[in-house]
Amino acid sequence: MRAYAVQCFCEPVVPVERVDHRPAGTEVVVEVMRCGVCHTDLHLQDGYYDLGGGKRLNLVDRGINPPVILGHEVLGRLVSKGPDAPLDDGAIGKAFLIYPWLGCGTCDMCLRGDENLCGKPQSIGVFRPGGYAEQCVVPHPKYLIDVSGIEPTLAATYACSGLTAYSALRKVDIDKERDLLLLMGLGGVGLSGLQIAMGLGFRRIAVADIDPAKRELALGHGATLVFDPRDADASAQLAAAGGVAAAVDFVGNKATADFAVASLRKGGMCIVVGLFGGDITISLPPLVQRAITLRGSFVGSLDELKELIALVKSGNIQPLPVEEVPFDAVNDALARLRAGHVKGRLVLAR
Ligand SMILES: [Zn+2]
Ligand SMILES: [Zn+2]
């Protein structure tokens, strides 16, 4: 089968040939139909995360070595199964969304259902070969999610961008009718976050983005207030709206996190999900006196992805704008994402 791999960090993804996998044990193999292109893929291509202050988190130090077959928003047709894979009759040939954030399967985190927080992650498209390929191997059919009724290109995006936004918003504990929720950054995950926030019943949502086109997009998707966080009166606008009860930072750089934390009213919470990179400094006395919470949120659990898919099937979430790109144009897709010129999500499709 053909796959697309990072052979050397910082270089374009290249096509590679791999032998077809014969599933053993509980493994299943899907023929990839769609695979979303995510910012995390850019970090995997670069080989590091920027930690701020000139420091880097090198992927080699996390045990990630090329070749890496990227792609963690994978939707595909189930084509074969190992002898011990428990499957319903008729499952072969059906299309499924893959939950990619696998752990070791045996530690306390994994056993309580938080595989995405496992200390020995096995994520598909990061630590295991992903969906930038004709086929993708999944260790157990419990990671296959029935998305029948959802358009496949859109469905693929729920495995990362949708799930990341959903899991962050589930951590937001405010009065959905009265309190102001601030979303920082309207990239693919941010826009997904706005739509899911609407679906979850948040009624007062402010969106900050430096790009006027994205602010316009936010207004069209239900935001109550949009602004450029660099404007001198940005903080005053939020204060006039009653202050921010909770902020979700979908960018995760110094400017966005500083702004989000500073904008919180007393008792407010800021959840950082973006991995753009950088660092912030927090003075401790105001942290105490304002009684604020700063929290990270990393993708989401298998149960959360199932909850999200159920919410989508209920018809309460507007579809994210998606654009299909041929698998052979993967480098072009990565370059466009890097340049920041994508509305919604790019999805490789065949
Ligand atoms: Zn992702
Ligand atoms: Zn584990």
Side-chain angles (χ1 to χ4, degrees), residues 4 6 13 32 34-46 49 57 59 62-64 68-75 97-133 136 139-140 142-143 145 153-169 185-193 196 248-252 272-277 296-305 308 320 322-323 325 330 333-334 336-338 340 342 344-348:
Y4 302 82
V6 173
V13 172
V32 180
R34 301 288 189 278
C35 189
V37 181
C38 176
H39 263 108
T40 293
D41 298 331
L42 300 179
H43 294 296
L44 290 166
Q45 189 184 21
D46 294 341
Y49 286 95
L57 171 62
L59 298 184
R62 287 190 70 203
I64 301 171
V68 182
I69 297 173
L70 304 173
H72 50 267
E73 288 186 349
V74 193
L75 180 140
L97 178 64
I98 297 173
Y99 174 78
W101 308 109
L102 313 186
C104 69
T106 56
C107 73
D108 287 348
M109 280 296 184
C110 286
L111 293 177
R112 75 175 205 196
D114 291 324
E115 286 200 51
N116 55 311
L117 302 180
C118 174
K120 292 178 184 162
Q122 297 294 313
S123 317
I124 289 172
V126 183
F127 293 93
R128 300 171 56 99
Y132 286 20
C136 185
H140 195 284
K142 70 181 174 185
Y143 302 113
I145 296 173
T153 307
L154 175 65
T157 68
Y158 291 122
C160 178
S161 76
L163 176 60
T164 298
Y166 179 79
S167 182
L169 288 163
L186 212 71
V189 183
L191 180 53
S192 201
I196 292 168
V248 181
D249 182 1
F250 290 107
V251 182
V272 182
V273 289
L275 283 165
F276 187 92
S297 183
F298 178 64
V299 294
S301 68
L302 176 60
D303 281 348
E304 284 175 326
L305 183 54
L308 172 61
L320 184 74
V322 287
E323 179 185 334
V325 179
V330 57
L334 289 166
R336 284 176 60 198
L337 186 62
R338 196 180 287 278
V342 180
R345 205 70 160 169
L346 296 177
V347 179
L348 302 175

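Scope of the values below: all heavy atoms of this structure, side chains included, with no hydrogens, waters or symmetry mates. Counting from 1, the numbers follow the sequence of the chain as shown. First listed ligand is number 1; within each ligand, the first listed atom is number 1. Since this is a predicted model, take the numbers as computed values, not measurements.
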Colleague: I'd like to verify the contacts: list protein N, O or S atoms under a distance of 2.8 Å from the Zn ion (ligand 2).
Modeller: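 Result, waters dropped: C104 SG, C107 SG, C110 SG, C118 SG.
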
Colleague: If you measure from CG on L320 to OH on Y158, what distance do you get to the nearest 0.5 Å?
Modeller: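 With rounding to 0.5 Å, CG (L320) is 7.0 Å from OH (Y158).
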
Colleague: Would you say that more than 12 heavy atoms from the other residues, nucleotides or ligands in this model lie under 6.0 Å from the OH of Y49, or not?
Modeller: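 Counting other residues, nucleotides and ligands, OH of Y49 exceeds 12 neighbours.
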
Colleague: Taking only protein atoms, how many N, O or S atoms are found under 2.8 Å from the Zn ion (ligand 1)?
Modeller: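 Considering protein N, O and S only, the Zn ion (ligand 1) has 3 within range.
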
Colleague: Between T164 (side chain only) and S161 (backbone N and O only), is there a donor and an acceptor less than 3.5 Å apart?
Modeller: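 The answer is no, because no donor-acceptor pair under 3.5 Å joins these two groups.
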
Colleague: For the residue pair V37 and V325, establish whether any side-chain heavy-atom pair is separated by less than 4.5 Å.
Modeller: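 Side-chain contact under 4.5 Å: no.
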
Colleague: Return the set of residues passing salt bridge (charged side-chain N to carboxylate O under 4.0 Å, His left out) with R62 (not counting sequence neighbours), or none when no residue passes.
Modeller: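 Here no residue qualifies.
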
Colleague: Kindly compute the distance separating CD (E73) from CG (L348), expressed to the nearest 0.5 Å.
Modeller: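 If we round to the nearest 0.5 Å, E73:CD and L348:CG are 10.0 Å apart.
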
Colleague: Do L334 and Y4 touch side chain to side chain, with heavy atoms closer than 4.5 Å?
Modeller: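 The answer is no; the side chains never approach within 4.5 Å.
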
Colleague: Any donor and acceptor pair, going by atom type alone, linking the side chain of H43 with main-chain N or O of L275 inside 3.5 Å?
Modeller: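 At least one qualifying donor-acceptor pair exists.
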
Colleague: Test of understanding: with ring-ring contact (aromatic ring centres under 6.0 Å, His included), list the residues that count as partners of Y143, not counting sequence neighbours.
Modeller: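 So Y143 forms no ring-ring contact (aromatic ring centres under 6.0 Å, His included) with any residue.
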
